[in-house]
Structure formats: structure tokens, C-alpha cells
Amino acid sequence: MYDPDTKVAVTAVQQAAQLCEAVRQQQQSPAYEKSDASPVTVADFGSQAIICRALSDRFPTDAIIAEEDAAMLRQPQNHDRALAVTQQVQQIFPEATPQTVIDWIDRGSSAIAPRYWTLDPIDGTKGYIRGDQYAIALALIEEGRVQLGILACPALPQTPDQPHGKKGVLFIAKRGQGCRMSPLQGNPSHRISVNFTRRDLCSIESVESAHSDRQAQLQLAQTLGITHPPLQLDSQAKYGAVARGEADYYVRIPLPGSSLRRENIWDHAAGAIVVEEAGGCVTDLDGKSLDFSVGAKLIRNNGIIASNGAIHQRILTAIAQC
Ligand code: AMP
Ligand code: MG
């Protein structure tokens with residue numbers, strides 16, 4: 001169904017998801033603090049090591065821009081952390097050593113290139129630690145445009161209206177070829193599309209209130225005549241929810257005082273193509289396409305709107321009037 005190159009990337013993401021779930025089930029995931037005060041776990045590092053290794057093997061000249069780096073693991077006083085990551089990676093690649101793991105992780109520190117991969121090894125680390133939603137998000141970008149998006153959501157219910165049913169969903173979108181959804185470890189997959197026909201509109205937002213302006217979101221919902229409270233999910237699982245018609249839109253509005261903050265490419269690339277190939281629309285708050293050609297941040301874009309497409313212009317108009 002997928003070409004061999006896509007299959008390599010999909011298999012790596014599935015293996016990384018397996019590691020993340022194993023670490024979470026073993027309850028062996030203390031959170032360490034990064035220099036920006038955000039959390040990182042053994043699973044973030046392990047997931048990045050596995051995916052970067054697979055991509056480097058198959059596409060040795062491709063650039064990879066991933067969220068994590070191995071600086072923390074290189075410090076002698078953190079050798080126990082490097083060992084803990086290595087033990088997890090060895091479940092997938094038995095030949096892994098602390099040094100190879102560190103090298104694989106640092107394959108994700110490339111500069112921008114005409115063709116590159118971007119990876120969030122655990123998107124929504126706060127949700128992962130809390131026991132909620134998270135995603136492994138990998139995308140291939142060519143000439144500033146996302147061409148392939150793979151989004152693994154290990155804790156997402158396979159059927160939206162059965163929240164206690166089977167969990168683990170994989171979204172795969174290829175430019176011009178639609179978006180498919182399957183259980184996390186493979187088949188069967190089916191094509192998904194956004195929902196244009198919902199009578200009562202429904203939005204979805206981050207669990208973390210510091211990641212988007214809730215007050216502005218409420219005002220937007222009121223302008224659109226929405227009475228339902230928004231759904232809440234951590235990570236790019238929100239894009240998956242819009243793509244499969246569970247929600248009609250997801251907006252990310254910088255909080256007052258952080259209007260200069262720009263989004264990370266790995267927090268949006270895979271999710272954006274998933275929504276677009278499901279028939280939806282993704283722009284920034286000014287209606288501009290997301291520009292992945294500049295660097296690790298979306299410096300040319302202000303906030304995010306991902307919608308079912310049908311409602312997109314109404315959202316843009318309402319935001320412009322706020
Ligand atoms: P979500 O689960 O959608 O809230 O998104 C998680 C992502 O939010 C993380 O990967 C971070 O990169 C990003 N993030 C962290 N702090 C902020 C912030 N102040 N505003 C917007 N996004 C943030
Ligand atoms: Mg992350």
C-alpha cells in the first residue's frame with residue numbers, strides 16, 4: 001500500500017510508539033528538566049533515537065530537524081540517564097550502546113535543507129507524563145511544503161464515540177493522495193475525511209491553558225454561535241480529531257504578552273498535512289499558509305487555524321474582528 005520509503009518511516013514511528021508505551025507502562029519515566037524548563041523523559045530520547053537511526057540508514061543524506069538533542073545525555077553526571085535510554089532502545093535495536101544512541105539522537109540537529117524530515121519524538125510530553133494523550137509526529141518537507149505526515153497517537157481511542165474502546169491510532173497523509181487512519185500497529189486502514197455536515201459545531205483545544213489564549217478562543221466560539229464546551233486533547237492528536245470529523249476546528253492563538261512567540265515546525269508539520277489531506281484547511285491566524293522553508297520555527301506565521309475547511313473563512317473573519 002505504501003512505497004518502501006514511506007514504509008521505513010512508518011515502521012520507525014510504530015517502533016518508537018512501542019517504546020513510549022512500554023516506558024509508560026513500566027512507570028519508569030521520571031521527567032527531567034530541559035534548559036527551557038520543559039520536561040523530557042527517557043521515552044522522548046528513545047523515540048528520537050529509533051526514528052533518526054531508521055531515517056539515517058535509509059536516507060543517509062537527508063536532513064532531520066527533531067525536537068531533542070543529546071547534550072543532557074553526554075554529561076558524565078547523567079550517564080545513568082543515557083543508560084536508561086539505551087536499555088529501552090535495545091528492546092528494538094539490540095546492538096544499541098550509549099554512544100550510538102547519543103549519535104542517533106544528534107542526527108536530529110540538522111540545519112534546514114530543501115528536503116528534510118521534522119520529528120517530534122513525543123509531542124505533548126506533559127500529556128504523556130500525566131497519562132493522557134501524546135503523539136509521535138514525523139513529516140517530510142520538500143521546498144517548504146509538507147509532502148508526507150505520519151502521526152501516531154498511542155492513547156487515542158480508535159473509534160471516537162467509544163472512548164473506553166481500543167486505543168492506538170495511526171494517521172498517514174501523502175500530498176495529493178488523501179489521509180488514511182488505521183490501528184496503531186497497522187491494518188486495516190481506511191481513508192478519512194473531515195465532517196462538513198455537523199449541525200452543532202465543535203472545537204478542540206490544548207489541555208495546557210498556557211499554550212493558547214483561552215479567552216480569545218471563547219470569544220471566537222461565541223461569535224460562531226457555539227454552545228458546546230471545547231474538547232481537550234494534548235498534542236497533534238487534535239489535528240487527527242479534526243481530520244476524522246470529531247471536531248470542526250482547532251485554533252492556537254498566542255497569549256497576550258507572547259505575540260512574538262513562534263511555533264515549532266515539529267509541532268505542526270505532520271498534523272497539518274493530515275488535516276489538509278482529509279479535506280480540511282490549515283493556515284495561520286492571518287490566513288497565510290504555513291511556511292516550513294525557514295527554520296525550526298514558523299517565523300513567518302502567527303498562530304494556527306486547522307479546520308474542516310467549510311468553516312475556515314468564518315473563523316478568519318471572526319478572528320480579524322476580535
Ligand atoms: P499542546 O499539547 O497542543 O498544548 O502542544 C504541546 C506543545 O506546545 C509542545 O510541544 C510545546 O512545543 C508547545 N508549547 C510549549 N509552551 C508553549 C506556549 N507557551 N505556547 C504555545 N505552545 C507551547
Ligand atoms: Mg516533544
Side-chain angles (χ1 to χ4, degrees), residues 13 16-17 19-20 23-24 29 31-52 64-70 72 105 108-109 117-139 151-156 203-217 230-242 247 249-272 274-275 282 284-285 290 295-299 301-306:
V13 168
L19 178 149
C20 294
V23 171
R24 190 151 80 158
S29 197
Y32 311 123
E33 192 167 279
K34 293 198 279 190
S35 52
D36 65 358
S38 66
V40 66
T41 70
V42 163
D44 295 69
F45 289 124
S47 170
Q48 180 158 325
I50 286 169
I51 296 171
C52 286
I64 309 172
I65 302 180
E67 177 170 12
E68 310 305 342
D69 66 63
M72 180 192 289
I105 291 169
S109 303
W117 299 85
T118 188
L119 168 68
D120 197 337
I122 292 190
D123 177 32
T125 303
K126 289 177 186 167
Y128 177 76
I129 293 165
R130 235 193 280 113
D132 289 337
Q133 293 300 323
Y134 69 102
I136 294 107
L138 177 65
L151 197 58
C153 304
L156 195 66
S203 67
I204 189 159
E205 67 182 16
S206 293
V207 175
E208 296 290 332
S209 59
H211 291 182
S212 183
D213 185 343
R214 290 261 172 93
Q215 194 55 40
Q217 286 165 208
L231 299 173
Q232 291 189 341
L233 289 183
D234 296 286
S235 83
Q236 287 169 73
K238 289 186 279 299
Y239 282 101
V242 172
Y249 73 87
Y250 155 42
V251 293
R252 210 167 173 91
I253 305 175
L255 281 156
S258 64
S259 60
L260 294 180
R261 185 184 183 282
R262 289 294 178 258
E263 299 287 337
N264 300 313
I265 53 174
W266 51 78
D267 282 335
H268 298 285
V274 160
V275 165
V282 182
D284 70 3
L285 300 180
L290 303 188
K297 300 268 178 194
L298 292 169
I299 58 170
N301 296 107
N302 171 31
I304 305 281
I305 307 171

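We're numbering straight along the sequence, starting at 1. The structure presented is a predicted model; accordingly, all values stated were derived computationally and were not measured. Note that ligands are numbered from 1 as they come in the structure, with each ligand's atoms numbered from 1 the same way.
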Within 4.0 Å of some non-hydrogen atom of D234, the atoms of ligand 1 are 2 (O)
Distance from atom 19 (N) of ligand 1 to nearest protein heavy atom, with residue and atom: A210 O, 3.4 Å
Indicate the atoms forming the closest heavy-atom contact of L138 with A270, along with that distance. O-CB, 3.6 Å
re atom 14 (N) of ligand 1, the protein heavy-atom contact at minimum distance is R261 NH2, 3.4 Å
Which one holds for D123 and ligand 1: side chain close, backbone close, both close, or neither close, with close meaning a heavy atom under 4.0 Å? side chain
Nearest candidate to atom 15 (C) of ligand 1, where distance is taken over non-hydrogen atoms, out of Q232, H211, E208: H211
Do any nitrogen or oxygen atoms of N264 come within less than 3.5 Å of a nitrogen or oxygen of ligand 1? yes
Could you tell me which residues satisfy side chain to side chain contact (heavy atoms under 4.5 Å, CB included) with S203, sequence neighbours excluded, listed by chain and number? P230, Y249
Listed partners of D267 passing side chain to side chain contact (heavy atoms under 4.5 Å, CB included), at least two apart: D120, D123, N264
Give me the nearest non-hydrogen protein atom to atom 2 (O) of ligand 1 as residue plus atom name, then the distance to 0.1 Å. S235 N, 2.6 Å
Could you tell me which residues satisfy side chain to side chain contact (heavy atoms under 4.5 Å, CB included) with R262, sequence neighbours excluded, listed by chain and number? K297, I299, N302
Looking only at heavy atoms, what is the nearest atom pair of L233 and A241, with distance? CD1-CB, 4.4 Å
Are the side chain of Q236 and the backbone of G271 linked by a donor-acceptor contact shorter than 3.5 Å? yes
Check: Y128 side chain, C20 main-chain N or O, donor-acceptor pair, under 3.5 Å: yes
Q133 (side chain) donor-acceptor with A155 (main chain) under 3.5 angstrom: yes
Answer yes or no: is there a donor N or O on one side and an acceptor on the other, between the side chain of T118 and the main chain of I65, under 3.5 Å? yes
Ligand 1 to S206, heavy atom cutoff 4.0 Å, flagged ligand atoms 1 (P), 3 (O), 4 (O)
Which residue and non-hydrogen atom of the protein lie closest to atom 22 (N) of ligand 1, and at what distance in Å? R252 NH2, 3.0 Å
Pick, from V207, I304, D267, D120, the option with the minimum heavy-atom distance to atom 11 (C) of ligand 1. D267
Counting only protein N/O/S, how many atoms fall short of 2.8 Å from the Mg ion (ligand 2)? 3
Protein residue, atom and distance nearest to atom 3 (O) of ligand 1, heavy-atom basis: K238 NZ, 2.5 Å
State whether the shortest distance between N or O atoms of S212 and N or O atoms of ligand 1 falls below 3.5 angstrom. no
S206 side-chain N/O to E208 backbone N/O, donor-acceptor pair under 3.5 Å: no
Between S47 and P121 (side chain of the first, backbone of the second, donor and acceptor by atom type, cut-off under 3.5 Å), is there such a pair? yes
Closest non-hydrogen atom pair between A272 and L290, with its separation: CB-CD1, 4.3 Å
